[in-house]
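Below, each value reflects all heavy atoms present in this structure, side chains not excepted, and no hydrogens, waters or symmetry copies.
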Amino acid sequence: MGKFDDFFDDVVVNAKTAAEAVSKKAAQVYDASRHKFTAAEIRGDINNKLKDLGKFTYKERVHGVDMSAEINAAIAEIKELKENLEIINNHLDDLMEQKKCPQCEAKVPKNSLFCNICGAKIDEDKVEEAVQEDETIAAAAEEAAEEVIDSAEEAVAAVEENAEEKAEEAAE
C-alpha cells in the first residue's frame, strides 16, 4: 500500500495546487469586474457633469446669468473624476497585466514586443516617453483651461461693470 499512499498524496497536493490557482484567478477576475463596473460608473458621472457644464455655460452665455461658480465647481469635479478613472484604469491594467501602446494607445499584454493593433514596436523607453508626453499635454490643457476660466471671469466682470454704468446712466 506504500505506492498507493504516495500516489494519493501526490493527487491531494496537485488538487490543492490547482484549487489555489483557480481561487487566485477567480479573485483576479472578480477584482477586474469590480474595477470595470466602477470605471463605468465614473464615466457616467463624468458625462453627467459635462452635461451640467454645458447647461451652465449656455445659461451664462445666452441668458447672461453669472454661472462662474457653478462652472468652476463642475470643472473641478470633472478633473477629480478623471483622476479617479485614471487610477482605476491603471489598477485594471495591472490586474490584467496590460500596458498601452505608445503609438495607438491600445491595450496590449505587458510582455508584448509589438502592438497587436497597429504593429508598432513596444519599447519601454518609448512607453515612458509617451507617459511623460501625456502628462505634459495634460498640464498644458489644464493651464489653457485656467486661462479660459480667467478670461471668462474677466469678461463677466466687464459685462457687469458695463451693466452697472448703463443702469446708473438710465437712473440719471
Single-linkage hydrophobic cluster Leu50~Phe56, side-chain heavy atoms < 4.5 angstrom: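 Cluster IDs for Leu50 and Phe56 match.
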
Are Val65 and Ile71 co-members of a hydrophobic cluster defined by side-chain heavy atoms under 4.5 Å apart?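 As far as the 4.5 Å side-chain criterion goes, Val65 and Ile71 are connected within one cluster.
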
Interatomic distance, [X] atom [atom1] to [Y] atom [atom2] [nearest 0.5 angstrom]:
X	Y	atom1	atom2	value
Asn84	Asn89	CG	CG	11.0 Å
Lys100	Asp93	NZ	CG	7.0 Å
Leu85	Leu92	CG	CG	10.0 Å

Does Thr57 form a side-chain contact (heavy atoms from CB on, under 4.5 Å) with Met67? I'd like the steps, not just the answer. CA-CA 7 Å; Thr57 304; Met67 301 297 290; over 6 Å; no

More than 12 heavy atoms of other residues, nucleotides or ligands under 6.0 Å from NZ of Lys107: is that the case?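 Above 12, so yes.
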
Counting neighbours of CD on Gln103 that are heavy atoms of other residues, nucleotides or ligands and sit closer than 6.0 Å, is the number greater than 12?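 Open.
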
Enumerate, atom names and distances included, each donor-acceptor pair closer than 3.5 Å involving a side-chain atom of residues 32-46, sequence neighbours excluded.
| from | atom 1 | to | atom 2 | distance (Å) |
| --- | --- | --- | --- | --- |
| Ser33 | OG | Val29 | O | 3.0 |
| Arg34 | NH2 | Asp31 | OD1 | 3.4 |
| His35 | ND1 | Asp31 | O | 2.9 |
| Thr38 | OG1 | Arg34 | O | 2.9 |

Would you mind listing the cluster partners of Phe114? Hydrophobic ones only (ILVMFWY), side-chain contacts under 4.5 Å, chaining allowed.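 Noted: Phe114 shares its cluster with Leu113.
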
Contact summary for [X] and [Y], nearest pair of heavy atoms:
X	Y	answer
Leu53	Ala74	CD1-CB, 4.2 Å
Ile122	Cys115	CG1-N, 3.7 Å
Lys110	Lys99	O-NZ, 2.9 Å

Could you walk me through whether Asp66 and Glu60 satisfy the side-chain contact (heavy atoms from CB on, under 4.5 Å) test, starting with their C-alpha distance in whole Å, then the side-chain angles of each, then the deciding distance to 0.1 Å, before giving a yes or no? CA-CA 6 Å; Asp66 181 21; Glu60 184 173 83; 3.8 Å; yes

